[in-house]
Every structure is written in structure tokens, then in C-alpha cells.
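Scroll down for the structure; my scribbles are underneath it.
Please read these numbers as outputs of a predicted model, since none were measured by experiment.
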Amino acid sequence: MAVRVPLWLEMSGRRVLVVGGGSVGTRRALWFRQAGAAVRVVGLSFSEELRRQAEEDESLELVELDASDTEALGPHVEWADIVVIATDNPGVNEAVWRLARELRRWVNDATDAERTEIVVPYTLELYGGGLRVAVTTEGRTGVAARHARDKIRECLEGDRGLETLYEAMWRVKPVLKRLIPRAKDRVPIYYRIDEDPEFRDAVERGSLEEALRAAARVIAQEAQRLGIDASPDEVYRLLKSVEKPISPL
């Protein structure tokens, strides 16, 4: 039985071919385009939304082509990193799938969950896009996956402690990298911060300022143990000065 590995992929500079310009093809094309990929859609017809978006976006290309003509389709599949199959013609879908497999291109088959290689999950973002969650049943039931995503959102949105932990720790990482060059010295410090009673108490109460003070104390202690001069007040100022990461989407 094939095992699919969950990954987050950087799509900027990648190329996605979508075969089929209907509703499903439109959603997949715009989803990959939003993620930064160059997208080419081939088919005999295209949705109005696709046509409108393509007029405004030079990285979204529409090519009128009979996808059953594998000789004509071949160069487009060779161009792509990922091939999305999204037509309502089983014969065309089969031919595209075989061609993509022959050329060793990753396949997202929106028409057959069992043979798809790339699964498009239901997703959610929290904390300004800083925490992202993906949920899938790998094609068994999208309805259950969507409800699971919504329940996860309800749970996490109400967790002030988790949000405070997130807000504190994204500041810790760049400061530790700045103060302590070697990764093998830094990694244990993350755990020492998380296990520190004062830090945990501040996080559970949702007090970001106190959590940063506690983290600064632990970092300063660990830095001094490694022969690096850093005071708690200095580390605290560094933590406060870290700019919030920008969401990639």
C-alpha cells in the first residue's frame, strides 16, 4: 500500500499544468497560482473566472488543446513539475495520467483519489498565517475532512496559551541564532525554555511580556554557561525587537 508523506512545498518558480478548465480545474489552477507557481491550463473550454484571471496575470496561461491528443499534450507535460488531472472524460484522464507517469511528473488526479500522488488538503491559518494546518482523508470523504478542519480551528482559536507560546517562541529562534552559533548548542535551549516553570505559568496565563522575560532569563543563563556574555535585560530587548514574520500567502 502506498504511503503518502505530508510535506509543505515551496511553489515559487515551480510549474503546474492543469488539464481541464472547468470548476475543479479552475480551483486547482488558482490554488497553485496563489501559492506562487506558474500555471498553464489546457482544455477545449475554460471557466469565465479562469479567463478573467488569465487576462490579468501573465503567469496564468490558457492553452486551447484537445488533451486526448497526447502528442500535442506531451510538450506541456514535459514543461510541468506537477500535472493536475481535472476533466470529466475518463479516457482523457487515463491518457494524461499515463503520459505524466511516463515522464515522471508528480500527479494530482482530482478524479481518482486512489492513484493521485499529490493530495490537496483542506487548510486553515491562524495567528496571521504563522500557524498553518492541513487536513485530509486522502479522498475518502471531503465532508469529514472539512468538518475536522473547522473543529480544529474552533479549538485552536480559543487557546490563548497556545497563541502566547507561538508569539514568544517565534521571537526566541532568531535571537538564539544570533547569540549561539552552533545548532547543537541551541536545540536543547528551546526545551529548557518550554520546561521552565515561570515561562509555562506565563504562557498558560496568556502573559506575553512575562513569558518573554522568563525566556530571556533562560537564554542568558544558557549563553553564559557556553561562555557567551549576555544579560537577561539584553536578551529581552533583543526578543522585543524581533519583527513578526510575514505570512507567505
Side-chain angles (χ1 to χ4, degrees), residues 3-14 34-37 81 106 118-119 121-136 138 145 148-249:
V3 177
R4 297 185 178 99
V5 179
L7 301 169
W8 289 101
L9 302 177
E10 170 59 62
M11 293 305 300
S12 299
R14 296 297 180 177
Q34 183 186 28
D81 297 303
W106 290 99
I118 294 177
V119 175
Y122 286 88
T123 62
L124 67 89
E125 295 184 1
L126 297 167
Y127 316 147
L131 180 64
R132 304 177 66 197
V133 178
V135 181
T136 182
E138 297 193 83
R149 175 202 61 187
D150 294 342
K151 285 184 176 292
I152 292 170
R153 184 192 303 278
E154 291 173 7
C155 177
L156 297 186
E157 281 184 337
D159 192 331
R160 178 57 183 160
L162 179 60
E163 185 173 1
T164 302
L165 178 64
Y166 167 80
E167 292 286 342
M169 294 305 289
W170 65 250
R171 291 176 170 87
V172 165
K173 190 169 186 177
V175 170
L176 274 181
K177 283 188 172 183
R178 177 174 173 176
L179 292 175
I180 300 173
R182 297 197 307 176
K184 71 175 185 178
D185 292 331
R186 291 195 304 269
V187 171
I189 299 176
Y190 293 112
Y191 295 100
R192 293 191 181 108
I193 293 170
D194 188 41
E195 294 166 359
D196 181 78
E198 290 184 16
F199 179 81
R200 292 306 314 171
D201 179 65
V203 163
E204 290 172 9
R205 289 186 289 105
S207 175
L208 178 60
E209 291 300 315
E210 291 182 34
L212 292 178
R213 289 285 186 186
R217 173 180 50 75
V218 174
I219 293 171
Q221 290 172 349
E222 294 299 320
Q224 290 171 5
R225 184 179 60 81
L226 294 168
I228 299 168
D229 187 24
S231 70
D233 287 343
E234 177 188 359
V235 176
Y236 175 75
R237 285 193 295 271
L238 290 174
L239 292 172
K240 291 286 288 185
S241 69
V242 177
E243 295 185 359
K244 192 165 189 173
I246 298 175
S247 172
L249 295 178

For a quick test of reading the model, state the closest non-hydrogen atom pair linking [X] to [Y] and the distance between them.
X	Y	answer
Glu138	Thr136	N-OG1, 2.8 Å
Tyr122	Arg149	CD2-NH1, 3.6 Å
Glu157	Leu126	CG-CD2, 3.4 Å
Leu212	Leu239	O-CD1, 3.6 Å
Gly130	Tyr166	CA-OH, 3.0 Å
Ala202	Thr164	O-CG2, 4.5 Å

Taking the side chain as every heavy atom from C-beta outward, state whether [X] and [Y] have any atom pair closer than 4.5 Å.
X	Y	answer
Lys151	Val135	no
Tyr190	Lys173	yes
Trp170	Leu131	no

Roughly how far, to the nearest 0.5 Å, is the [atom2] atom of [Y] from the [atom1] atom of [X]?
X	Y	atom1	atom2	result
Arg205	Arg200	CZ	CZ	12.0 Å
Lys240	Glu209	NZ	CD	3.5 Å
Glu222	Ile189	CD	CD1	5.0 Å
Ile228	Asp185	CD1	CG	7.0 Å
Ser241	Tyr236	OG	OH	11.0 Å
Ile219	Leu238	CD1	CG	9.0 Å

Passing candidate, side-chain contact (heavy atoms from CB on, under 4.5 Å) with Val218, options Asp196, Val235, Val172, Asp194: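 Option passing the side-chain contact (heavy atoms from CB on, under 4.5 Å) with Val218: Asp196.
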Arg160 with Glu163: basic N within carboxylate O range, under 4.0 Å: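 Yes, Arg160 and Glu163 are salt-bridged.
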Please say whether more than 12 non-hydrogen atoms of neighbouring residues, nucleotides or ligands are located less than 6.0 Å from [atom1] in [X].
X	atom1	answer
Arg178	CZ	no
Arg14	CZ	no
Arg225	CZ	yes

Salt bridge (charged side-chain N to carboxylate O under 4.0 Å, His left out) between Arg213 and Asp233, intermediate numbers included: CA-CA 8 Å; Arg213 289 285 186 186; Asp233 287 343; 3.6 Å; yes
Test side-chain contact (heavy atoms from CB on, under 4.5 Å) applied to Asp81 and Met11, step by step: CA-CA 10 Å; Asp81 297 303; Met11 293 305 300; over 6 Å; no
Backbone of Leu176 reached by a side-chain donor or acceptor of Arg186 within 3.5 Å: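 It does not hold such a pair.
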Stepwise side-chain contact (heavy atoms from CB on, under 4.5 Å) test for Arg217 and Glu198: CA-CA 10 Å; Arg217 173 180 50 75; Glu198 290 184 16; 3.4 Å; yes
